[in-house]
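Values below: every heavy atom of this structure, side chains too, minus hydrogens, waters and symmetry copies. Both ligands and their constituent atoms are indexed starting at 1 by order of listing. Predicted model only: the values in this text are computed from it and were never measured.
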Amino acid sequence: MELPRVAVVTGANRGLGRATAMALARRGFCVVLTYRGDRLEAEGVVRSIRELGGEAFPIRLDVADTASIDRFADELLAEVGRRWSAGGIDVLVNNAGIGLFAGLHEATVEQFDALFATNVRGPFFLTRALARRMGDGGRVVNISTSLTRHVSAGTSLYAASKSALETLTRSLAVELGPSGIRVNCIAPGPTATDFNGGAMRDDANLRETLAGATALGRVGEPEEIADAVAALASGDLRWVTAERIEVSGGSLL
Ligand SMILES: NC(=O)c1ccc[n+]([C@@H]2O[C@H](COP(=O)([O-])OP(=O)(O)OC[C@H]3O[C@@H](n4cnc5c(N)ncnc54)[C@H](OP(=O)(O)O)[C@@H]3O)[C@@H](O)[C@H]2O)c1
């Protein structure tokens with residue numbers, strides 16, 4: 001009997017994480033979706049996946065709460081075994097992240113710490129906890145940003161946290177390669193979600209400005225990022241590791 005393929009997506013109650021959970025479910029993955037606060041929202045995503053004929057369950061995780069991560073991993077593995085008779089997981093998508101934007105003279109220590117706790121420390125310790133439960137062929141996909149390639153005022157801390165995540169991607173690809181685990185990152189350009197107060201979705205002026213600076217002439221939609229993540233998680237890209245793949249429609253080239 002073929003065992004189910006299991007994917008874990010962090011921050012999957014909304015935005016890119018939700019779209020990624022749906023994209024992976026469409027490709028036959030059983031999906032564990034994590035949420036931080038809004039269980040009802042996460043249950044809505046589970047319902048949408050079941051309507052597609054897929055399988056999913058939600059589990060709470062605050063990725064910035066490092067002390068909870070090993071306990072989370074144990075709980076997750078127990079539930080995956082109970083529901084799907086799976087002994088481990090196949091794909092981890094480190095999607096959960098925050099964007100705090102402030103210039104050099106405005107940024108606070110609290111913002112600095114929150115960005116690095118969520119965008120760097122969380123993915124590092126979660127990857128450590130779950131890589132132990134991945135077999136040969138495991139995949140980790142980290143979600144970075146196009147802002148590590150092009151710079152603008154006020155983005156330094158956010159971009160630096162994602163640059164650190166990109167460096168982790170390459171280093172962990174080396175460490176986990178001998179176990180047959182691939183580690184890559186997807187770097188989305190501006191995408192229409194709640195991110196940054198929903199500006200890329202709701203602010204017509206900003207959308208127009210960004211569209212004018214993008215080869216394909218508009219901002220991205222969550223499904224367009226999610227399909228790229230799912231492609232990286234698929235067997236078709238099995239010889240790709242340690243890569244940063246930008247998915248931005250050619251933003252600020
Ligand atoms: N949208 C863009 O333009 C864009 C561009 C480049 C990169 N990205 C990256 O893409 C990822 C997803 O962003 P998005 O656009 O989907 O943003 P979003 O709509 O704001 O969603 C962010 C998700 O991350 C979760 N999250 C935040 N902090 C968390 C924590 N400490 N523990 C667990 N979950 C946490 C949120 O949970 P709650 O619902 O509980 O807050 C939410 O599910 C982020 O890493 C972001 O940096 C986004």
Atom CZ of residue position Arg238 - does it have more than 12 heavy atoms of other residues, nucleotides or ligands inside 6.0 Å? no

Within the side chain of Asn13, is there an N or O that forms a donor-acceptor pair under 3.5 Å with the backbone of Val45? no

Considering only the protein, which heavy-atom contact is closest to atom 22 (C) of ligand 1, and what is its distance? Gly97 O, 3.8 Å

Can you find a non-hydrogen atom of Asp38 under 4.0 Å from ligand 1? no

Within the distance-only criterion (no hydrogens, no angle test), does the side chain of Ser68 pair as donor or acceptor with the backbone N or O of Asp65 below 3.5 angstrom? yes

Heavy atom of the protein closest to atom 42 (C) of ligand 1 (residue, atom name, distance): Arg14 NE, 3.7 Å

Mark up the atoms of ligand 1 that fall under 4.0 Å of a heavy atom belonging to Leu61, in ascending order. 32 (N), 33 (C)

Give a yes/no on ligand 1: does Asn13 have at least one heavy atom closer than 4.0 angstrom to it? yes

Could you establish whether Pro190 and ligand 1 come within less than 4.0 Å of each other, counting only heavy atoms on the residue side? yes

Within the 3.5 Å criterion, strictly below it, is a donor on Ser146 or Glu246 matched to an acceptor on the partner's side chain? no

Shortest protein contact, atom 23 (C) of ligand 1 (heavy atom only): Gly11 O, 4.0 Å

So which bit of Thr118 gets within less than 4.0 Å of ligand 1, heavy atoms only: side chain, backbone, both or neither? side chain

Any N or O on Gly17 sitting closer than 3.5 Å to an N or O of ligand 1? no

Within the distance-only criterion (no hydrogens, no angle test), does the side chain of Arg133 pair as donor or acceptor with the backbone N or O of Ala129 below 3.5 angstrom? yes

Just checking, any donor-acceptor pair under 3.5 angstrom between side chains of Arg18 and Thr193? no

Residue Ile98 vicinity, atoms of ligand 1 by number, heavy atom under 4.0 Å: 27 (C), 28 (N)

Can a donor-acceptor pair be found between the side chains of Asn95 and Thr10 at a distance below 3.5 Å? no

How close do Arg207 and Glu221 get, counting heavy atoms only, and between which atoms? NH2-OE2, 4.5 Å

Looking only at protein heavy atoms, which one is nearest to atom 48 (C) of ligand 1, and what is the separation? Leu16 CD1, 3.9 Å

Please determine, by modelled atom types, if Asn94 and Asn142 share a side-chain donor-acceptor pair under 3.5 angstrom. yes

In this structure, does ligand 1 have an atom that sits under 4.0 Å from one of the heavy atoms of Ser144? yes

Looking only at N/O atoms, are Arg36 and ligand 1 under 3.5 Å apart anywhere? yes

For Arg170, does the CZ atom sit with more than 12 other heavy atoms under 6.0 Å from it, leaving out its own atoms? no

Only heavy atoms of Gly15, strictly under 4.0 Å: list the atoms of ligand 1 that pass. 16 (O), 19 (O)

Lys162 heavy atom under 4.0 Å from ligand 1: yes

Please state which protein non-hydrogen atom is closest to atom 31 (N) of ligand 1 and give its distance, to 0.1 Å? Asp62 OD1, 2.8 Å

Any idea which atoms of ligand 1 are less than 4.0 Å away from a heavy-atom of Gly37? 40 (O)

Heavy-atom count around Glu208 CD within 6.0 Å, excluding the residue itself: above 12? no

For Ile143, counting its heavy atoms only, list the atoms of ligand 1 lying under 4.0 Å from any of them. 9 (C), 10 (O), 11 (C)

In terms of the angle between their ring planes, are Phe195 and Phe101 parallel, tilted or perpendicular, with boundaries placed at 30° and 60°? perpendicular

Ligand 1 and Ala12, any nitrogen or oxygen pair closer than 3.5 angstrom? no

Trace of the salt bridge (charged side-chain N to carboxylate O under 4.0 Å, His left out) decision for Arg218 with Glu224: CA-CA 12 Å; Arg218 59 174 174 79; Glu224 291 167 323; 2.6 Å; yes

Give the atom numbers and elements of ligand 1 that come within less than 4.0 Å of a heavy atom of Thr145. 6 (C), 7 (C)

Can you list the ligand 1 atoms lying under 4.0 Å from a non-hydrogen atom of Gly189? 3 (O), 5 (C)

Is there a donor-acceptor pair under 3.5 Å between the side chain of Asn119 and the backbone N or O of Ile98? yes

State the atoms of ligand 1, each with its element, that fall below the 4.0 Å cut-off from a heavy-atom position in Thr193. 1 (N), 14 (P), 15 (O), 17 (O), 19 (O)

Proximity flag Tyr158 to ligand 1, non-hydrogen atoms under 4.0 Å: yes

Among Thr191, Asn196, Leu126, closest by any non-hydrogen atom to atom 2 (C) of ligand 1: Thr191

